[in-house]
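Bear in mind that the values here come from a model prediction, so they are computed numbers and not experimental data.
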Amino acid sequence: SLGDFLGGISAVLAILVTYCIFISQQRLSYKIGLNSNFSEMLRTLKEIGVSNRDQVNNSKAAILKHFTHINNEKTNELDPDYLAKAYHFFFERHISHEPGIMHFLQYFAQVFKRITDDKELKTIQEKNEYIHLLAAQMTEEELFIVFFSYLSGDRVVNELDFSEYSFFEYLKTNIRFLDDKKVCLFPQTKFVFICQKPNLNDTDSGETEYDNEQIYETIDRIKKEELNAASTI
């Protein structure tokens with residue numbers, strides 16, 4: 001009868017509504033737990049950053065000094081393979097031997113993957129909300145160190161996929177050459193800070209030959225070291 005049919009439809013609708021409410025409650029409960037966990041991880045990351053702020057700031061200054069005199073005319077002459085080796089050399093010299101910075105990078109990677117690997121966050125937009133919060137609570141120097149670590153191929157940061165997120169949106173590299181690199185690496189990101197002119201200020205204050213040399217000199221030295229090593233075999 002019509003009454004039985006309508007009654008059946010009503011029962012099915014009631015079951016569907018109850019199920020939707022249950023799913024919504026489960027998702028809300030999960031989001032509350034995620035937010036609490038994420039906030040705690042951000043707090044810990046902040047504490048690690050504060051305790052190692054001098055190391056991070058000094059490493060950024062040392063790296064920027066290395067690129068001070070680079071200009072657009074010579075950029076095209078740089079061998080990409082040796083440029084990558086030069087990045088790696090400076091990472092090894094100014095970052096990898098600093099336990100505080102490496103601790104920061106390792107914990108940062110955990111926080112980043114906590115969001116990007118979360119199966120309950122279904123869309124990039126949902127994940128980007130958390131990624132933006134992560135970037136916003138980091139200092140300018142910390143953001144730079146993460147970027148340079150990625151550029152140098154460090155295994156901790158290099159395995160992270162930044163391509164779909166706007167994590168580096170507010171990255172300041174201070175030098176046009178590195179700005180060109182970030183645009184090349186992350187073409188989807190709408191960067192807020194882009195250098196319009198090369199930075200030609202001489203900030204050289206190093207005490208050793210390695211700390212004084214510029215990027216071109218690093219590449220030339222690496223080539224010579226490889227030739228010398230090959231000739232002794």
Side-chain angles (χ1 to χ4, degrees), residues 19-57 59-60 63 87 91 95-96 98-174 178-194:
Y19 175 76
C20 289
I21 293 174
F22 173 74
I23 294 298
S24 297
Q25 289 176 336
Q26 272 199 325
R27 183 159 180 77
L28 177 60
S29 177
Y30 181 83
K31 286 294 290 289
I32 292 173
L34 172 61
N35 291 343
S36 176
N37 177 246
F38 185 67
S39 296
E40 181 64 22
M41 295 182 80
L42 288 185
R43 185 188 64 79
T44 301
L45 183 67
K46 188 74 172 179
E47 291 176 353
I48 297 173
V50 169
S51 64
N52 296 285
R53 184 149 296 167
D54 288 342
Q55 294 179 21
V56 171
N57 293 352
S59 291
K60 178 183 178 181
I63 294 167
Y87 293 145
F91 178 85
I95 299 179
S96 68
E98 295 284 1
I101 299 180
M102 293 307 299
H103 182 205
F104 176 85
L105 290 175
Q106 288 165 356
Y107 194 79
F108 161 79
Q110 290 182 31
V111 180
F112 190 89
K113 291 197 296 186
R114 172 66 183 88
I115 298 303
T116 57
D117 292 351
D118 193 303
K119 304 301 183 184
E120 295 299 320
L121 298 177
K122 305 298 184 183
T123 67
I124 295 298
Q125 182 178 357
E126 281 186 289
K127 295 180 180 181
N128 241 333
E129 293 176 3
Y130 290 94
I131 297 300
H132 284 160
L133 290 174
L134 171 59
Q137 70 94 46
M138 294 173 62
T139 67
E140 177 183 322
E141 290 76 17
E142 290 167 353
L143 206 60
F144 178 87
I145 290 299
V146 171
F147 168 72
F148 189 80
S149 300
Y150 182 86
L151 188 64
S152 68
D154 169 55
R155 62 177 181 82
V156 174
V157 177
N158 200 247
E159 66 178 12
L160 304 178
D161 184 7
F162 295 101
S163 61
E164 295 183 301
Y165 307 97
S166 301
F167 177 75
F168 291 113
E169 183 178 2
Y170 289 90
L171 172 67
K172 290 183 180 180
T173 67
N174 304 97
L178 293 179
D179 266 6
D180 290 342
K181 290 299 177 185
K182 73 183 184 184
V183 172
C184 181
L185 285 172
F186 311 110
Q188 303 300 322
T189 300
K190 296 180 179 179
F191 295 102
V192 175
F193 303 106
I194 295 291

K.L.:
Rounded to the nearest 0.5 Å, how far does CG of Asp154 lie from CZ of Phe148?
P.N.:
10.5 Å
K.L.:
I'd like to check the side-chain contact (heavy atoms from CB on, under 4.5 Å) partners of Ser36; sequence neighbours left out, ordered by chain and number.
P.N.:
none
K.L.:
By side-chain contact (heavy atoms from CB on, under 4.5 Å), which residues pair with Ser163, not counting sequence neighbours?
P.N.:
Asp161
K.L.:
Excluding sequence neighbours, so at least two apart, what forms salt bridge (Lys or Arg N to Asp or Glu O under 4.0 Å) with Lys46?
P.N.:
none
K.L.:
State the CE-CD distance between Met41 and Gln110, to the nearest 0.5 angstrom.
P.N.:
6.0 Å
K.L.:
Do Phe108 and Leu134 pass the side chain to side chain contact (heavy atoms under 4.5 Å, CB included) test, and can you show the C-alpha distance, the side-chain angles, and the key distance before you say yes or no?
P.N.:
CA-CA 9 Å; Phe108 161 79; Leu134 171 59; 3.6 Å; yes
K.L.:
Can you find a heavy atom in the side chain of Val146 that is under 4.5 Å from one in the side chain of Leu160?
P.N.:
no
K.L.:
Ignoring hydrogens, what is the shortest heavy-atom contact between Phe167 and Ala135? Give both atom names and the distance.
P.N.:
O-CB, 3.5 Å
K.L.:
Could you pull out the closest heavy-atom pair between Val156 and Glu159, with the gap in Å?
P.N.:
O-CG, 3.5 Å
K.L.:
Quick one, Leu185 and Phe147 - any side-chain contact, counting heavy atoms below 4.5 Å?
P.N.:
yes
K.L.:
Just jot down the side-chain hydrogen bond (donor to acceptor under 3.5 Å, both in side chains) partners of Asn37, sequence neighbours excluded, or say none.
P.N.:
Arg114
K.L.:
Got Phe193 and Thr173 here, is their nearest side-chain heavy-atom distance under 4.5 Å?
P.N.:
no
K.L.:
Going by salt bridge (Lys or Arg N to Asp or Glu O under 4.0 Å), name the residues that satisfy it together with Arg53, two or more places apart in sequence or in a different chain.
P.N.:
none
K.L.:
Ignoring hydrogens, what is the shortest heavy-atom contact between Glu126 and Lys122? Give both atom names and the distance.
P.N.:
OE1-N, 2.9 Å
K.L.:
To the nearest 0.5 Å, what is the distance between CD (Glu129) and CZ (Phe38)?
P.N.:
11.0 Å
K.L.:
Check step by step if side chain to side chain donor-acceptor pair (under 3.5 Å) holds for Asn35 and Tyr130.
P.N.:
CA-CA 9 Å; Asn35 291 343; Tyr130 290 94; 2.5 Å; yes
K.L.:
Restricting to side-chain hydrogen bond (donor to acceptor under 3.5 Å, both in side chains), what partner residues turn up for Gln125, sequence neighbours left out?
P.N.:
none
K.L.:
Going by the rule side-chain contact (heavy atoms from CB on, under 4.5 Å), which residues pair with Glu40 if we only count those two or more places apart in sequence or in a different chain?
P.N.:
Arg43, Thr44
K.L.:
Ser152 and Ser149: which non-hydrogen atoms are nearest, and at how many Å?
P.N.:
OG-O, 2.9 Å
K.L.:
Checking Ser59 side chain against Val56 main chain: does a donor-acceptor pair fall under 3.5 Å?
P.N.:
no
K.L.:
Any salt bridge (charged side-chain N to carboxylate O under 4.0 Å, His left out) involving residues 133-150? Give me the pairs, sequence neighbours left out, ordered by first then second residue.
P.N.:
Lys60-Glu140, Glu140-Lys172
K.L.:
Do you know the tightest heavy-atom contact between Leu143 and Phe168?
P.N.:
O-CE2, 3.9 Å
K.L.:
For Phe191, does the six-membered ring have the charged nitrogen or CZ of Lys182 within the cation-pi criterion, i.e. under 6.0 angstrom from the centroid and within 45° of the normal?
P.N.:
yes
K.L.:
Can you name the residues that form a ring-ring contact (aromatic ring centres under 6.0 Å, His included) with Tyr150, not counting sequence neighbours?
P.N.:
Phe162, Phe186
K.L.:
Using distance only, find each side-chain donor-acceptor pair of residues 100-107 under 3.5 Å and give its atom names and separation, not counting sequence neighbours.
P.N.:
none

K.L.:
Working to the nearest 0.5 angstrom, can you tell me the gap between Leu34 CG and Glu120 CD?
P.N.:
9.5 Å
K.L.:
How would you list, by chain and number, every residue that makes a side-chain hydrogen bond (donor to acceptor under 3.5 Å, both in side chains) with Ser96, sequence neighbours excluded?
P.N.:
Glu92
K.L.:
Using side chain to side chain contact (heavy atoms under 4.5 Å, CB included), reason through Ile194 and Val183 one step at a time and then give a plain yes or no.
P.N.:
CA-CA 9 Å; Ile194 295 291; Val183 172; 4.0 Å; yes
K.L.:
Return the CZ to CG distance between Phe144 and Asn57, rounded to the nearest 0.5 Å.
P.N.:
11.5 Å
K.L.:
How long is the span from the CG atom in Asp179 to the CG atom in Leu171, to the nearest 0.5 Å?
P.N.:
7.0 Å
K.L.:
Sequence neighbours excluded, which residues qualify as side-chain contact (heavy atoms from CB on, under 4.5 Å) partners of Lys127?
P.N.:
Ile115, Leu121, Tyr165
K.L.:
Can you tell me if Tyr170 has over 12 outside heavy atoms packed within less than 6.0 Å of its OH?
P.N.:
no
K.L.:
Looking at every non-hydrogen atom in both residues, tell me the closest pair between Ser166 and Asn128 and how far apart they are.
P.N.:
N-OD1, 3.3 Å
